[in-house]
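None of these values were measured; they are calculated from a predicted model. Just the heavy atoms: all of them, side chains too, but no hydrogens, waters or symmetry mates, feed the values below.
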Amino acid sequence: MQIRGVRMGPSDIFEKHIADTIKKLIKKQNELRKSEERYRIVAEATKDIIWEGDLINKKRYFSGKLKEILGYDQEELEGLEDWFNIVHPEDVASVRSDIRRQIREKIEVEAFEYRVRAKDGSYKWLFSNTKCEFNDKGEAVSAFGAFTDITELKEQQKRIHDLAYYDSVTGLPNRVVLKEVVDEKIQKGNMFSMIFMDLDNFKFVNDSFGHLMGDKLLVEVGKRLREVDNDKVMSFRLGGDEFIILVGNIEGKEEVELLSKYLHKVLSSPFLVDGHMFHVNHSSGVVIYPEDGDDFQELLKNADTAMYKSKDSGKGTNSFYHSKMGREAVEKARIEGDLHKAIENNEFQLYYQPIVDVTYGRIKGCEALIRWNHPHDGMIQPDKFIPIAEENGTIINIGKWVFETACQYAKKMHDSGYRDFYVSVNISPHQLLQKEFTDFILSTIKRVGISSELVVIEITESVLIESMDLAIRKLKKLRNNNIKIALDDFGCGYSSLTYLRTLPINIVKVDRSFISDIQSLEDTRNMTNIIILLARQLGLSVTAEGVEDMYQLDYLKRHGCDKFQGYLRSRPVPETEFLNLMSLQAEA
Ligand code: C2E
Ligand code: CA
Ligand code: CA
């Protein structure tokens, strides 16, 4: 051996070898210390748990932030298997199978995410990066890696996910999820149904009690809906006061019909929110796939149309979609357009129905009822266009025209010698809530030149639902000016007997539905008696609507009802015909 050109003897060579080995050892030791140091520094600087596994002796050594992150001491998790005792039960199988695969397929570095139970019992999400070392025979002998605590990140991700997929007020899944679920169902091709629900008069809660209360009520509604959910039924909130109930794998309409009835029942018992009691009615519309639409968009649109049908037919009901509704919607849009021109084109006309004294059968006055002579469609009944006029605001001008025309009619009758003859005029809630409403009424009466005793104003309780205090103030002002107020359609809807006590009214008009049931239903009879009795006690006059036969009239006579209207005496008729009725009476 020649080193740097100097020949050496055997002992020199041995000593040199020793020295070299020592040097190497020292160097290695230094390196080792350095790397250990580095390792320690890295381990301490990192936010992670660092570990090293001896797969032969089945031991695991930790450094880094084991205590900080999970709360355990090194000794508690020393056995290689101990770790798996704290892995979340739902994750443990997949963690084990991932590790087995890493070893089987000799993958050196592998990353996993899973949950681990900390010492305090809470679960932490860990990101695990594992490196495996294999010997010459390809057996895994050791492993090491790092666990990063990603719990916060996971929570953030969940929050972002929830924000995108769940409604923040009720916690119900939202429209995005609904679309995904519906798309999936369409792909599978099974028959399913969507019930579109809209709470009635929810605006009233928001306006009168504030949005916070509105939200609280929505939360409660959401809770009840979630209780109905099962593996076939799932509730969603679309937004506002609109909900969708998705019913999977149905066999027919009947099933959905039953569910819809059940939903009405579930929501009908009152809600108690912050000491306030709310009765929540809702209107709903149903579509069935595949009958009522090919895709999500179309199904939703048609369900909405069906729901509006329910609203139009008096709220609190359920309607199944049918293709005719599409045409009805088109017709509605046409009517809406035509309404704007109807006043200037002089297409409206008032009909008058006699209001008759029950005891003597004499006509005391009349109710003015509007008709629309449509240039193409002929005579259109108010039920068909008044709700539309209320929606698009034309009711304000229509209402003014009605009131003015009715006053002129009252004057005409008065001037013809019917001195006490009065005209009763229907007033829409929208009109009443107008700022200048009372001024308009009083100035019109003055301008036409009649006594205010010859006009009656008919209001329905829906105006009270919308704005009780404001309505009462206005009605009081009218009543102080000798205008009589009638509460129309009493007995249907929210009608409460306490209204009779608290409202500034003079007349109660008992709804037609009561009168038509007088003969057949005992309950209705009792209710009618109570209304008449209470009204009379309070000094109110009672008018029965829709009297069609003598049985009804006799009954009302016996029970002290004051006046009646109905086909028994006459349908609503145009002015000229009404005069005939009056002259017939004069002769009698
Ligand atoms: P309403 O105020 O309850 O009017 C009574 C309705 O009952 C009238 O229907 C009348 O024709 C009908 N009726 C009267 N007697 C009988 C009967 O014996 N049997 C049956 N089956 N029905 C009877 P009409 O004229 O179709 O009016 C419907 C509704 O339209 C009215 O209900 C009222 O709410 C509204 N309306 C009518 N005219 C006006 C108006 O000028 N302004 C406003 N805002 N609404 C109006
Ligand atoms: Ca009326
Ligand atoms: Ca009525």
Between [X] and [Y], is the ring centroid distance below 6.0 Å?
X      : Y      : value
Phe243 : Phe236 : no
Tyr308 : Phe196 : no
Phe278 : Phe271 : no

Notebook entry, point to check: Are any side-chain N or O atoms of Thr317 and backbone N or O atoms of Ser310, one a donor and one an acceptor, separated by less than 3.5 Å?
Noted result: yes

Note to self: Using modelled atom types and a 3.5 Å cut-off, is there a donor and acceptor pairing between side-chain atoms of Asp517 and backbone atoms of Ser520?
What the structure shows: no

Please work out whether the ring planes of [X] and [Y] are parallel, tilted or perpendicular, with thresholds of 30° and 60°.
X      : Y      : result
His276 : Phe209 : perpendicular
Tyr555 : His559 : parallel
Trp401 : Phe348 : tilted

Residue list, salt bridge (Lys or Arg N to Asp or Glu O under 4.0 Å) with [X], at least two apart or on another chain:
X      : result
Glu575 : Lys412
Asp338 : Arg334, Lys341
Asp274 : Lys216

Item checked: Cationic tip of Arg571 above Tyr567 ring, under 6.0 Å, 45° of axis -> yes

Margin query: With a 4.0 Å cut-off on N to O distance, would you call Arg473 and Asp469 a salt bridge?
Written below: no

Item checked: Nearest-0.5 Å distance that lies between atom OG in Ser260 and atom CG in Asn318 -> 3.0 Å

Checklist line | Between NZ on residue Lys509 and CD1 on residue Ile355, distance to nearest 0.5 Å | finding: 5.0 Å

